[in-house]
Amino acid sequence: MASSGEEPRSGSPGRAGTGTETAADAAQLDTAEDFEVLEEEGDEDEDDLSELPPLEDVGRPPAPPREDAQPPEQGAGDAAGEPQEWLDVLGSGLLKKKTLVPGQGVDSRPQKGQDVTIRLKATLEDGTVVEEDPALTFTLGDCDVMQALDLCVQLLEMGETALIVSDAKYCYGAQGRSPDIPPNASLTLEVELLAARDAPDLELLSGKEKIQLANRKRERGNFFYQQADYVLAINSYDIALRIVGSSSKVDFSPEEEAELLDVKVKCLNNLAASQLKLDHFKAALKSCNLVLEHQPGNIKALFRKGKVLAQQGEYREAIPILKAALKLEPSNKVGWRPSTLSSPSW
């Protein structure tokens, strides 16, 4: 899969976070970790993706447009020279799309899961250009970029140029992007769909390619975690874990196998941290246990398992686990104090 380069330019769906707490929490992340490969058949109620924002529904037909909008099917077949109207993508008025240059027809639209390449120009309401990329490539539907793009590019026809006006919720949200995008800033995006192709077959990726792809998804999860958007963080960690756990027709070296295991452990640890933030204790405990199966002395997994058990009132089981974590790392870097071991307020 191609990458667009700088991670910060990939937008957040815009859930507000608390600056001090978020920075402290982010420091606890394993900075090299993705999807609940932890799922088992019949465990769909635990997969933590039920609260995903509208992005998950983009594969379905968009909400009916308002009376002053044209249906998204209009494109290359429109009468030449007729001005296009705004399409209210979600029916809320927060995300609108307008065709500037028609494309090659509805059948040329990209599909979720494909790698797409677009030309992008993003501006603030005052006209300040904050981003330009002549060939931004990402996997459609994987939350690799801001939601405004993930939602709207699925409605573009090949060769179409469109104008997208998005509320901050589907761009960089309440936190913005320092230093050029202020908090709660709406963006206008000029987008041209240049190419779409099927994503690479995971079974045919080399060890190095699989590691790089999983790490990109993990880093995206870390971005969302730092933005306090824990649902989308879980989504990205899940995708990375799915990549790591996929079957392969290529032989990997022992070093590559070890590195893939390291990525898996980091993703699971960060997945547990995100699940804890959402009070998904059962799923977090499962993630911690999977880490400890591979690394029984993993300090972060021990700490988080102890925290989950304490949250569930299992203090007798939690205290020895937290004491074991303290013994392994007396410097206490994971953010808890010995005094918490005897206190039910974790």
Side-chain angles (χ1 to χ4, degrees), residues 1-5 9-11 13 53-125 127 129-167 169-172 186-199:
M1 172 183 137
S3 172
S4 62
R9 75 172 33 168
S10 299
L55 180 59
E56 194 176 52
D57 299 327
V58 176
R60 305 169 190 163
R66 298 177 307 184
E67 292 182 0
D68 62 344
Q70 295 194 102
E73 286 72 24
Q74 290 185 329
D78 295 335
E82 286 189 7
Q84 300 294 302
E85 299 296 334
W86 287 101
L87 169 68
D88 189 350
V89 175
L90 300 175
S92 63
L94 300 180
L95 184 64
K96 297 185 291 185
K97 168 190 172 288
K98 180 178 182 179
T99 298
L100 300 180
V101 178
Q104 299 172 14
V106 178
D107 291 342
S108 68
R109 288 180 179 172
Q111 301 298 311
K112 189 174 181 180
Q114 287 188 311
D115 286 348
V116 297
T117 300
I118 63 170
R119 175 183 61 81
L120 172 67
K121 180 180 180 181
T123 59
L124 298 174
E125 289 181 296
V129 177
V130 292
E131 189 165 340
E132 283 190 281
D133 195 320
L136 172 63
T137 300
F138 59 94
T139 303
L140 195 57
D142 271 14
C143 301
D144 290 343
V145 292
M146 68 180 91
Q147 264 195 301
L149 288 175
D150 235 339
L151 288 162
C152 292
V153 169
Q154 297 185 46
L155 303 177
L156 294 183
E157 300 168 4
M158 190 60 59
E160 178 181 349
T161 298
L163 206 59
I164 298 166
V165 176
S166 175
D167 182 80
K169 178 179 181 181
Y170 301 106
C171 298
Y172 288 88
S186 298
L187 291 181
T188 297
L189 313 171
E190 183 178 308
V191 180
E192 179 184 2
L193 179 58
L194 302 175
R197 61 185 180 279
D198 290 340

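Values below: every heavy atom of this structure, side chains too, minus hydrogens, waters and symmetry copies. If you're wondering where the values come from, they're calculated on a predicted model, not measured in any experiment.
- Residue E85 holds its CD atom at 11.0 Å from OG1 of T99, rounded to the nearest 0.5 Å.
- Expressed to the nearest 0.5 Å, how far CG of L120 lies from CG of D133 amounts to 6.5 Å.
- Rounding to the nearest 0.5 Å places NZ of K112 at 8.0 Å from CG of D150.
- Listed by chain and number, the residues in a side chain to side chain donor-acceptor pair (under 3.5 Å) with D107 amount to none (sequence neighbours excluded).
- A pairwise comparison of heavy atoms in E160 and K97 identifies OE2-NZ, 2.9 Å as the closest pair.
- Listed here is the closest heavy atom pair of G113 and T139: O-CG2, 3.7 Å.
- Of the inter-residue distances, the one linking L187 atom CG with E125 atom CD reads 8.5 Å to the nearest 0.5 angstrom.
- Partners of Q114 according to the side chain to side chain contact (heavy atoms under 4.5 Å, CB included) rule, which considers only residues two or more places apart in sequence or in another chain, are P110, Q111, A196, D198.
- Between the D115 side chain and the R197 main chain, no donor and acceptor come within less than 3.5 Å of each other.
- Screening V165, L163, L149 against L189 for a side-chain contact (heavy atoms from CB on, under 4.5 Å) leaves a single residue, L149.
- Closest approach of Q154 and L140 over heavy atoms only: CG-CD2, 3.3 Å.
- Atom CG of L94 is separated from atom CG of L151 by 11.5 Å, given to the nearest 0.5 angstrom.
- Contact record, S186 with D167: OG-CA, 3.8 Å, taken as the closest heavy-atom pair.
- When all heavy atoms are compared, the tightest approach of Y172 to M146 is CE1-CE, 3.6 Å.
- Look at E190 and K121 and you find no salt bridge, because none of the NZ, NE, NH1 or NH2 atoms lies under 4.0 Å from a carboxylate O.
- Note that the CG atom of L136 and the OG1 atom of T117 stand 8.0 Å from one another [nearest 0.5 Å].
- Nearest approach of S108 to G105, heavy atoms of both residues: OG-O, 2.6 Å.
- When the options L193, L87, V106 are evaluated for a side-chain contact (heavy atoms from CB on, under 4.5 Å) with L155, the one that passes is L87.
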